[in-house]
Amino acid sequence: MVSTPHWETFSESVQGINKKLNQDYGTAEGQGSTEDPLVLAVADGHGAARHARSDVGARRAVALFAGHAREFAGFARSLVREESRGGLSRLMNYAQHDMPRRLVAAWQQDVLGHWDRMRKRSGAGTPPPDTADAEKLLLYGTTLIGALLTPQLFVAWQLGDGELAVVERDGRIGFPLAPAETDLGDETESMCSHRAWSLMRVHWSPVVGPDRMPRLITLSTDGLSKSFASSEGFPRFMAGLDRRLVDEGAKEVRAVLPQWLRQAARHSGDDTTMAAGYRPPHHHAIKE
């Protein structure tokens, strides 16, 4: 039996100022155990006329990631039991190559199916059935950040903008999926991009023991980071969030998070979403 700390989860999404529709979506679920892994995901639909169904694309990206992440966790359980270097190597290869391919393929198949269903329902005046798949996919364009944590493994994937922030047990804050170069303007990599699976960044981090786990993992769309006047603003926000969680707990933070994100959305003008997992310092362990 392995004792695993319970993770507190919270997620919130607010619509941007002057936006007709919130095209973000997010989820935070699970306790971080082997059987109930921590799964976090956020997606930011691109909006604008050429991405008119990106709210659907974002919702489907998050839902599909959650399903694939739990499937990945099941695969991880079977390989970890092998207790061999070869098993871990196979799992890392799956995370870096198979997971992006499977996830992108599933999303594209899903939204193309949605396009066909919507066309049949709409009748006259809809796009012709021979519209190229690439044009259909553009309608649903979205970014995606997803993370999975089990007692043995922390893995995260990112396609496009937004931030994965990790606070370690000693309080250090890291951004392990930050790109080498930031995107210019509003252009970003997308689930609708050509060979999108090859553009996905992957963070791979085996967990060597309960005391080596992070204490906070947050995923957020770029509506949050863009709300700060300088590049130091977002790390300071993360440090403040961590302090509030340590001092007051997840329940209090859940209550004020919508207010924080609404304030950010007013500054950035963009939809703003966060999904997070927090491991309390004085936790009650759950048995594996």
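Contact annotation: the side chain of Thr273 never approaches that of Asp44 to less than 4.5 Å [non-hydrogen atoms, C-beta and beyond]. Residues Met200 and Met99 are not in side-chain contact: their nearest non-hydrogen atoms beyond the backbone lie 4.5 Å or more apart. At least one side-chain heavy atom of Leu91 sits less than 4.5 Å from a side-chain heavy atom of Leu153. Here the side chains of Trp115 and Val56 are not in contact, with every heavy-atom distance at 4.5 Å or above. Put simply, the side chain of Met213 reaches to within 4.5 Å of the side chain of Trp7, judged on heavy atoms. At a threshold of 4.5 Å between non-hydrogen side-chain atoms, the residues Trp157 and Leu148 count as touching. Within the 4.5 Å cutoff, side-chain heavy atoms of Leu137 are placed close to those of Leu112. Between Phe72 and Leu103, the closest side-chain pair of non-hydrogen atoms is not below 4.5 Å.
Between Met118 atom CE and Leu139 atom CG the span is 10.5 Å, to the nearest 0.5 Å. Between atom OG1 of residue Thr9 and atom CG of residue Leu40 there is a gap of 8.0 Å, rounded to the nearest 0.5 Å. To the nearest 0.5 Å, the span separating CG on Asp133 from CG on Leu138 amounts to 11.0 Å.
A salt bridge does not link Asp116 to Lys120: none of the charged side-chain nitrogens sits closer than 4.0 Å to a carboxylate oxygen. Asp98 has no carboxylate O lying under 4.0 Å from a charged side-chain N of Arg101, or vice versa, which leaves the two without a salt bridge.
A search for salt bridge (charged side-chain N to carboxylate O under 4.0 Å, His left out) contacts involving Arg244 returns Glu248, not counting sequence neighbours. Checked against salt bridge (charged side-chain N to carboxylate O under 4.0 Å, His left out), Arg172 has the following partners two or more places apart in sequence or in another chain: Asp170. Among residues two or more places apart in sequence or in another chain, the side chain to side chain contact (heavy atoms under 4.5 Å, CB included) test is passed with Thr218 by Ala165, Leu216, Met238, Leu241, Met274, Ala276. Residues satisfying the side chain to side chain donor-acceptor pair (under 3.5 Å) test with Asp36, not counting sequence neighbours, are none. Listed by chain and residue number, Gln158, Leu177, Pro179, Glu189 satisfy the side chain to side chain contact (heavy atoms under 4.5 Å, CB included) test with Arg201 (two or more places apart in sequence, or in another chain). Evaluation of the side chain to side chain contact (heavy atoms under 4.5 Å, CB included) rule for Ser190 yields His46, Cys192, Ser193 as partners, not counting sequence neighbours. Scored by the side chain to side chain contact (heavy atoms under 4.5 Å, CB included) test, Ser268 finds Lys226, Ser227, Asp270, Thr272 as partners (sequence neighbours excluded). His203 pairs by the side chain to side chain donor-acceptor pair (under 3.5 Å) definition with nothing, not counting sequence neighbours.
Membership of an apolar cluster is not assigned to Leu21, as no side-chain contact below 4.5 Å to another ILVMFWY residue is traced.
Residue Gln109 qualifies as open at atom CD: its count of foreign heavy atoms under 6.0 Å is 12 or below. Crowding of Tyr140 atom OH: a count of heavy atoms from other residues, nucleotides or ligands under 6.0 Å exceeding 12.
Among residue pairs with one or both ends in residues 62-75, those qualifying as salt bridge (charged side-chain N to carboxylate O under 4.0 Å, His left out) are Glu29-Arg70, Glu71-Arg102; sequence neighbours excluded. Applying the salt bridge (charged side-chain N to carboxylate O under 4.0 Å, His left out) test to pairs two or more places apart or on separate chains, none has a residue in residues 140-152. Among pairs with a residue in residues 146-157, none fulfils salt bridge (charged side-chain N to carboxylate O under 4.0 Å, His left out), at least two apart in sequence or across chains.
Between the side chains of Ser33 and Glu35, not a single donor N or O lies within less than 3.5 Å of an accepting N or O. In the model, Asp24 has a side-chain atom that pairs as donor or acceptor with a side-chain atom of Thr221 under 3.5 Å.
A donor-acceptor pair is defined here as one N or O able to donate and one able to accept, closer than 3.5 Å; such a pair exists between the side chain of His68 and the backbone of Leu64. Without hydrogens or angle criteria, Arg262 side chain to Val14 main chain gives no donor-acceptor distance under 3.5 Å. Without hydrogens or angle criteria, Thr150 side chain to Pro37 main chain gives no donor-acceptor distance under 3.5 Å.
Of the candidates Val246, Ile217, Val167, Val246 is the only one forming a side chain to side chain contact (heavy atoms under 4.5 Å, CB included) with Tyr278.
At a threshold of 4.5 Å between side-chain heavy atoms, the hydrophobic network of Ile, Leu, Val, Met, Phe, Trp and Tyr places Phe175 and Val155 in two separate groups. No single ILVMFWY cluster, assembled from side-chain heavy atoms under 4.5 Å apart, contains both Phe10 and Val42. Taken together through direct or relayed side-chain contacts under 4.5 Å among Ile, Leu, Val, Met, Phe, Trp and Tyr, Leu245 and Leu164 form parts of separate hydrophobic clusters.
Taking the six-membered ring for Trp and thresholds of 30 and 60 degrees, Phe228 and Phe237 have ring planes inclined between 30 and 60 degrees apart.
Nearest heavy-atom pair, Ala41 versus Ala275, reported as atom, atom and distance to 0.1 Å: O-CB, 3.8 Å.
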